Amino acid sequence: MGVEGVEPHLERPRDPSHGDWATNLAMTLAGRLRRAPRQIAEEIRDRFDLGAAGVASLDVAGPGFINFRLSGGAVAEGLAEIVGADVAWGRSDAGAGRPIVVEWVSANPTGPLHAGHGRQAALGDAVCTLLEWTGWSVHREFYYNDSGTQMERLADSVWARYQQLLGEEAEIPEGGYQGEYVKEIAADFRAEHGDGFRGRRDDEALDAMRRFAVAALRGVQDRDLAEFRVRFDHFFLESSLYDDGLVDQTVARLRETGLVFEEDGATWLRTTEFGDDKDRVMLRGNGTPTYFLPDVAYHVTKWERGFHDAINVQGADHHGTVARVRAGLQALGLPEGYPEYVLHQMVRVERDGQEVKFSKRAGSYTTLRDLVDAVGVDVTRYFFLMRKAEGHLVFDLDAALDRSDKNPVYKVQYAHARMHSIFAKAGVDPGSIDPAEADLERLVDSHERELIQRLVEFPEVITRAADGRAPHLLCDYLEHTAGAVNAWYHAGNPGRNPELAVLVDDAPLRAARLVLARAVMIVLRNGLTLLGLTAPTRMERADDTP
RNA sequence: GCGCCCGUAGCUCAGCUGGAUAGAGCGUCGGCCUCCGGAGCCGAAGGUCAGAGGUUCGAAUCCUCUCGGGCGCACCA
């Protein structure tokens, strides 16, 4: 038609009456060809070879859309592919095995993980899994500060509680940690070390308490994360950067750039050279490094360890550090935009419409453990993942406690379990299903068509969620797919519409529907496990509560 | 004051990177099922996409400004 270099863009119409696929090709061409979009669309339609592409019909609609309707055979192919791929359905190799480091949680050992950490734990983990499913070689890392002023305050806090246990007058200092857990640590410390530190406020005493507290709190965090099904390949200690001389080395390298200067007694880096708002102090007046320096040194190790792709998942309250860290890295020759950041907003926990702040353990904030104890790991993870990271998240405990289909987690899990119960009732092993033995063109009901389309779309959803670092897209997909599954299932209520039931008397039709049920099972299970949730084969009856 | 994020149904949120009549869950209302209740099923109402300009065949989506909310702006981390 006299145009070149055009990439037709196919999309899935929202409205099923618009066919299985649609393209806006004619409209995008209208400007270049100086002709009416509909006229172009009609010409394309007339030139199209239907049979060769597995297309049953092709219509021009609206302002110039071309709508495709697939032939039954092409639809059936999709189902066969799903069942054939099974646990691999949804995986792709776009990442080509390239290494990428994802850093997240990175909580300092100063207290139990709170709800915000929980959101980040779930988010980072899901991003990692999405990357793995799209072919990346993912390294999971947790960075934490085990020295510095926060640790001193922690030691001071334990010291004060310890003295109080011995009946001495002592107070937690300004900026110290008031939570109940500090008392427990002090008591455990006393049980192990005795009363010998009574009144002793020397380096030996504080050091012992700091080390004890860090070990205890790391233990608590590890336990909570493990129970939350989040694991890491490596815990990176800030102190190791000093021990290994990497902080000094970073100072030396930065000095070579000529971007370092002295002012007001401190040593600065001209980060404004790379778009930062202001220049940053790297060495204080007393010669000690600011947080900025080890942070840069740490990210240099990521690069030098071979991770030329890196993602940091952080709370949005830390977004101020992004520009300065990147600037420091650019000064050392690393590329602009390294590392990539995924920032998430805060979490607000609500019950009865009121914010819940109290925690027995932590006092002024709700912990991850509080949530898991209240509603379980599956629900907690899903609730953290179902909202896009950059928006605020209201964790509604009432909604989370709901055990019915209204709770999106159970809605998806119910749909999965339902497929299993169908197979159980049929006395058929789901693993034995062979699409080649079924006449899939019998699946013509509108519920079935819509469902098949959704199932076929699964790999695209994963790709989009991975590319956008957006697990919520997968939650959204699963919830809507579960809705389509339930609609299909309910439409075939044997009491009302036995001809639409999966287990119809018509044996060939039943075989075809079992293939669809099997494909549903595969997609829901893969989606749930990808998000770190269980895919139960049966649901507990919620009749154990009065 | 400057920077980043957010603003979509009463509430909580999607909206596939610019497409067709803006969707879902909860809540509300109506009907059905049912052993009281809870739950379940079907359906309905509900919108100035914060506001105003702009870009173009087309804007919730991209650009500018305004308003409103959150978070940052350390020789803390």
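In this text, all values refer to a predicted model and were calculated from it rather than measured experimentally. Per chain, numbering begins at 1; letters A, B, ... match sequence-line order.
Using a 4.0 Å heavy-atom distance criterion, A:G391 is classed as making no nucleic acid contact. Among the atoms of the strands shown, none is found under 4.0 Å from any heavy atom of A:L283. Within the 4.0 angstrom heavy-atom criterion, no nucleotide atom of any strand lies near A:D396. As judged by a 4.0 angstrom heavy-atom cut-off over every strand, A:R348 is placed among residues making no nucleic acid contact. Among the protein residues, A:D264 comes within range of the nucleic acid bases, having at least one heavy atom under 4.0 Å from a base atom.
A tilted orientation is assigned to the rings of A:Y477 and A:F458, their planes being inclined by 30° to 60°. Between A:Y144 and A:F235, the two ring planes are perpendicular [angle over 60°; tilted spans 30° to 60°].
In RNA chain B, runs of at least 3 consecutive Watson-Crick or G-U pairs, each pair with both distances below 3.5 Å, span B:1-7 with B:67-73, B:10-13 with B:23-26, B:28-32 with B:40-44, B:50-54 with B:62-66.
Distances shown here put a side-chain N or O of A:S404 below 4.0 Å from the OP1 or OP2 atom of B:rG40. Between A:H392 and B:rG70 there is no side-chain polar atom (N or O) within less than 4.0 angstrom of OP1 or OP2. Taking 4.0 angstrom as the limit, A:K278 places none of its side-chain polar atoms (N or O) nearer than this to OP1 or OP2 of B:rC73. At least one side-chain nitrogen or oxygen of A:K406 sits closer than 4.0 Å to the OP1 or OP2 atom of B:rG27.
The side-chain ring of A:F65 is stacked on the base of B:rA20, judged by centre separation under 5.5 angstrom and plane angle under 30 degrees.
For the side chain to side chain contact (heavy atoms under 4.5 Å, CB included) criterion with A:W133, the lone passing option out of A:T129, A:L130, A:L131 is A:T129.
In this structure, A:R280 forms no cation-pi arrangement with A:F292, as its terminal cationic atom is not both closer than 6.0 Å to the ring centre and no more than 45° off the ring axis. Both the sub-6.0 Å distance and the 45° axial angle are not jointly satisfied by A:R326 relative to the ring of A:F274.
Nucleotide B:rU17 carries a syn base; the chi torsion (O4'-C1'-N9-C4 or O4'-C1'-N1-C2) is within 90° of 0.
At least one side-chain heavy atom of A:Y365 sits less than 4.5 Å from a side-chain heavy atom of A:P112.
Across residues 313-322 of chain A, A:A316, A:D317, A:H318, A:H319, A:G320, A:T321 each have a non-hydrogen atom less than 4.0 Å from an atom of RNA chain B (numbered order).
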